[in-house]
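Shown next, in structure tokens, is the structure this report addresses.
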Amino acid sequence: MALIVEKFGGSSLANIDKLRNAASIVAADYKKENQLVVVVSAQGDSTDHLVEQAEAIGRRISPREMDVLLSTGEQASMALMAMMLMSMGVPAVSLCGWQAGIRTDALHSKARIEYIDTRRICAELAQDRVVVVAGFQGISPSGDITTIGRGGSDTTAVALAAVLEADVCRIYTDVDGVYSADPRVVQNAVRHYEIDYDEMLELASQGAQVLHNRSVEMAKRFGVQLEVKSSFINGVGTRVREVVMEKRSVSGVARDQNVALVTLEGLQDQPGNIWRLFSGLTEQKINVDIILQPPAVGQQTSITFSVPRESLDHAVEMLTEHRGDLMYESISVDDRVCKISIVGAGMASDYGVASRMFESLYQAGVNVRCVTTSEIKISVIVSEEDSDRAFIAVHDAFF
Ligand code: ADP
Ligand code: ASP
Ligand code: MG
């Protein structure tokens, strides 16, 4: 008997037929005498619809109430999944995050899982029930409902697999594995049968939404055997694990459309200014990614940096409020940009990779706005209108 955690994403549960299909995968594994914990996301686009409704009320929404609202999507899914399993003769019980013992910190909408009290889940498993857990949610130290970030049900599943020491954690989604790029945009993307935790983490962090990046980080830390599979096509999918072979130069291309650029012009070139700027953004929990600063001309310089689009208004508000202390003349923003990244653990020892990427962008007539590199990735920011062309051209250069 194995203990298996199976997670179904929103697209795998979008309507009753899809829900029945997902439940039949669980039922088949249950009938093979496995113990099963099933993590569900909200159905289809229902989380987006809940966000839209809240935003229609106003811009300054209570983070606590937003989490109460967003957690309802997963709550509906878990009850439907348990009912569907029972209708197939499989004993099941559904648990919200708090009932499943998922304790988080208090940072609404971006909470981190701190601890899981598995007593209830283990008691239900001991009764031979399939335990259906609502993904993406937990409970804060003060007893409030929290959510752990968009796409976070993957992380719920891996966290449960880690604490329960599950044999495997299967992420069922609408594609049959992890590809060299998003197969919905890049037609000739190739499927990986296996991929390294580090490469997967970088791809997910750079925008390959097939896995939530924190789920990969956690899988690596706890050695969780992770598989990405299609809930519609029967097949092997992709295994994410420690791969001990020679690393590929480039294992994938990712695109992040959740990017906006902020530029401050006429910034005083003096010690401490950059620190004041970025510590202010950090205090506001605004994540800065790419930073570009040209050499100063006289006493003045400029700086461009990227933030997630949802943080743009907040960043501008904070920067405008502190214009006097930060000593800059003007601020401009551009949210019609995206980031294209190539990822590969072997690229550090392959000198030609960067120039091949830039050549492909040049050949496609794409202007590069910013560049950033690390040991295992190179990212460029390009205009939104060049996004698909750039994504496909860069992929074609390596696959
Ligand atoms: P779910 O609802 O199951 O959580 P997501 O929409 O979050 O599904 O993730 C699956 C989607 O991720 C796919 O439909 C695909 O368009 C996208 N995707 C982006 N990059 C990749 C990649 N490298 N490999 C596979 N899918 C990818
Ligand atoms: N329902 C949440 C979202 O849409 C969590 C998830 O699907 O993983 O972001
Ligand atoms: Mg997802």
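Because the structure is predicted, anything quoted here is derived from the model rather than measured. Both ligands and their constituent atoms are indexed starting at 1 by order of listing. One-based numbering along the sequence shown.
For atom 27 (C) of ligand 1, the closest non-hydrogen atom of the protein is Val210 CB, 3.7 Å. Among protein heavy atoms, the minimum distance from atom 25 (C) of ligand 1 is reached at Gly177 O, 3.3 Å. Nearest protein heavy-atom neighbour of atom 21 (C) of ligand 1: Asp182 CA, 3.6 Å.
Not one N or O of Asp154 is nearer than 3.5 Å to an N or O of ligand 1, by distance alone. No N or O atom of Asp154 sits closer than 3.5 Å to an N or O atom of ligand 2. In terms of polar-atom proximity, defined here as any N/O pair under 3.5 Å, Lys7 makes no such contact with ligand 2. Looking at Gln209 next to ligand 1, an N or O pair under 3.5 Å apart turns up. At least one N or O atom of Lys7 sits closer than 3.5 Å to an N or O atom of ligand 1.
Side-chain heavy atoms closer than 4.5 Å link hydrophobic residues (I, L, V, M, F, W, Y) into clusters, and following such links, possibly through other members, connects Val40 to Tyr172. Val130 and Met86 fall into different hydrophobic clusters, where Ile, Leu, Val, Met, Phe, Trp and Tyr are joined by side-chain heavy atoms under 4.5 Å apart, directly or via other members.
Listed by first and then second residue, the salt bridge (charged side-chain N to carboxylate O under 4.0 Å, His left out) pairs that reach into residues 210-227 are Arg170-Glu227, Asp198-Lys220, Glu227-Lys229, sequence neighbours excluded. Sorted by first and then second residue, the ring-ring contact (aromatic ring centres under 6.0 Å, His included) pairs involving residues 61-112 (not counting sequence neighbours) form an empty list.
With a 4.0 Å cut-off on non-hydrogen atoms, Glu74 touches ligand 2 through its side chain and not its backbone. Of the heavy atoms in Ala181, only backbone atoms (N, CA, C, O) come closer than 4.0 Å to ligand 1. Proximity of Val175 to ligand 1, defined as any heavy-atom pair under 4.0 Å, is confined to the side chain (atoms from C-beta onward).
Ligand 2 lies within reach of Gly151, whose nearest heavy atom is under 4.0 Å from it. Not a single heavy atom of Ser12 sits under 4.0 Å from any atom of ligand 1. Ligand 1 lies out of reach of Gly252, whose nearest heavy atom is not under 4.0 Å from it. Ligand 2 does not have Gly135 within reach: every non-hydrogen atom of the residue lies 4.0 Å or more from it. Distances shorter than 4.0 angstrom do not occur between any heavy atom of Ser231 and any atom of ligand 1.
For ligand 1, the atoms closer than 4.0 angstrom to any heavy atom of Tyr179 are 22 (C), 23 (N), 24 (N), 25 (C). When each atom of ligand 1 is checked for a heavy atom of Thr173 under 4.0 Å away, the hits are 1 (P), 3 (O), 8 (O), 9 (O), 10 (C). Under a 4.0 Å criterion applied to the non-hydrogen atoms of Asp174, ligand 1 contributes the atoms 10 (C), 11 (C), 13 (C), 14 (O). For ligand 2, the atoms lying closer than 4.0 Å to a non-hydrogen atom of Arg150 are 3 (C), 4 (O), 9 (O). Residue contact check: Pro183 has heavy atoms under 4.0 Å from atoms 24 (N), 25 (C), 26 (N), 27 (C) of ligand 1. Interface of Ser11 with ligand 1, defined as ligand atoms under 4.0 Å from a residue heavy atom, comprises 2 (O), 3 (O). Applying the 4.0 Å criterion to heavy atoms of Val178 picks out, from ligand 1, the atoms 24 (N).
With Asp167 contributing its side chain and Leu3 its backbone, the two residues share a donor-acceptor pair below 3.5 Å.
In this structure, Glu317 pairs ionically with Arg60, as a charged nitrogen and a carboxylate oxygen lie closer than 4.0 Å. Taking the charged nitrogens against the carboxylate oxygens, Arg241 and Asp196 have no contact shorter than 4.0 Å, which rules out a salt bridge.
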